[in-house]
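For reference, the structure is listed below as structure tokens.
Whatever order the structure lists them in is the order used to number ligands and atoms, beginning at 1. The residues of the chain are indexed from 1 along the displayed sequence. The shown structure was predicted, so the numbers you read here are calculated from the model rather than taken from an experiment.
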Amino acid sequence: MKRRDIVKVLGLGVAAAGLAACTEEKETVAADCAQPAAGAMPDKPETVEWKMVTAWPKNFPVLGTGANELAELIGQMSGGRIKVKVYGANELVGALEIFDAVSRGTAEMGHGASYYWKGKTRAAQFFSAVPFGLTAQEMNAWLYQGGGMELWEEVYAEFNLIPGAAGNTGVQMGGWFNREINNVEDLKGLKMRIPGLGGEVLKRAGGTPVLLSGGEIFSSLQSGAIDATEWVGPYNDLAFGLHKATKFYYYPGWHEPGTAQECFINKDAFEKLPADLQLIVRSALRIANQNMLADFTAKNNQALQQLVNDEGVQLRQFPDDVLKELRSLSAEVVAEEAAKDPLSQKVYDSFVKFREESIKWHAISEQAYLNARSM
Ligand code: CA
């Protein structure tokens, strides 16, 4: 818990104690008790009605349903004092309009992924996914205990938004390819749907990143308009039917090693909440963040078996020299991107320092154990 959250809880405690004292001693301290202390709960708690706009189609597996679950959780944890109505993409505003909509207060909450807002603030990209960046576990550690959350708040402050992590995909898959990738040369001329920093890395490797909306991916892959596409992981990819367009399924998802989803909140709306409801919203986000990773992990396990055993998908690992080349190019691309403005550089410096420390610790913990388990 953050220090200021604890302060808020303590603040509420003091106010509540004051109110109790007033009830018992109202004859003698009537003047002090005429007005409830600031932050005290009124006799009949008001119900707050919020809108949550999302970047996902309504009920989209895991991402959209994760947004629904977060809204339900806030309702339940607050005893119905906050009601959050969830809107799918284009129901209230378009998927890529949610940031502005919440910033200006058209809706109080937005559920998306921070790399969508690169055009508004480049530094946002570091809070979703960075090629060869942090895993889900590391991302949460950086955000909650490594200074990442404070930086994210700094980046979103000028947009009147309070950010929060609201889920994580875990390590994504490398994608679907219509041919095998046996060496670095095979990346040259490769037309792949791969957004964001990963796309920039592919371009530097000689490939051609292609931007396509979700609806165009399957037909483009099937027709040969593109040679490859990445999407998410086995569960979402299976639901999308990508195995029907091509069979080579590559891993690991070097470009999205633990993509954080976000839920940002209009700052004015958040600050109007009493302290206990603020804490409930923050706590619900923590729970939703953990639940989504668990959901993805469990469902990906099952979906992968189905893809391989029932659908004839051919799993392939990227060759070592291909991954080494992509890693080296990623370091260049990300450092250059960070150098484009001071705030991005500040976030990058924190991110890279945390990543270096994680590499050392995880080499002898997670990585060593996973290797041992597979021997
Ligand atoms: Ca992806």
O (Trp231) to the Ca ion (ligand 1) to OE1 (Gln172) angle, given to the nearest 10 degrees: 80°
Shared hydrophobic cluster, Leu92 / Leu96 (ILVMFWY, side-chain heavy atoms < 4.5 Å): yes
Side-chain H-bond candidate by donor/acceptor type, Ser219 with Gln222, under 3.5 Å: no
Of all pairs that satisfy side-chain hydrogen bond (donor to acceptor under 3.5 Å, both in side chains), the ones with a partner from residues 239-251, not counting sequence neighbours: Asp237-Tyr249
Glu230: its N/O/S atom lying closest to the Ca ion (ligand 1) (atom name): OE1
Sequence neighbours excluded - salt bridge (charged side-chain N to carboxylate O under 4.0 Å, His left out) pairs with any residue from residues 353-369: Lys353-Glu357
Minimum-distance atom from the Ca ion (ligand 1) among N, O or S atoms of Glu256: OE2
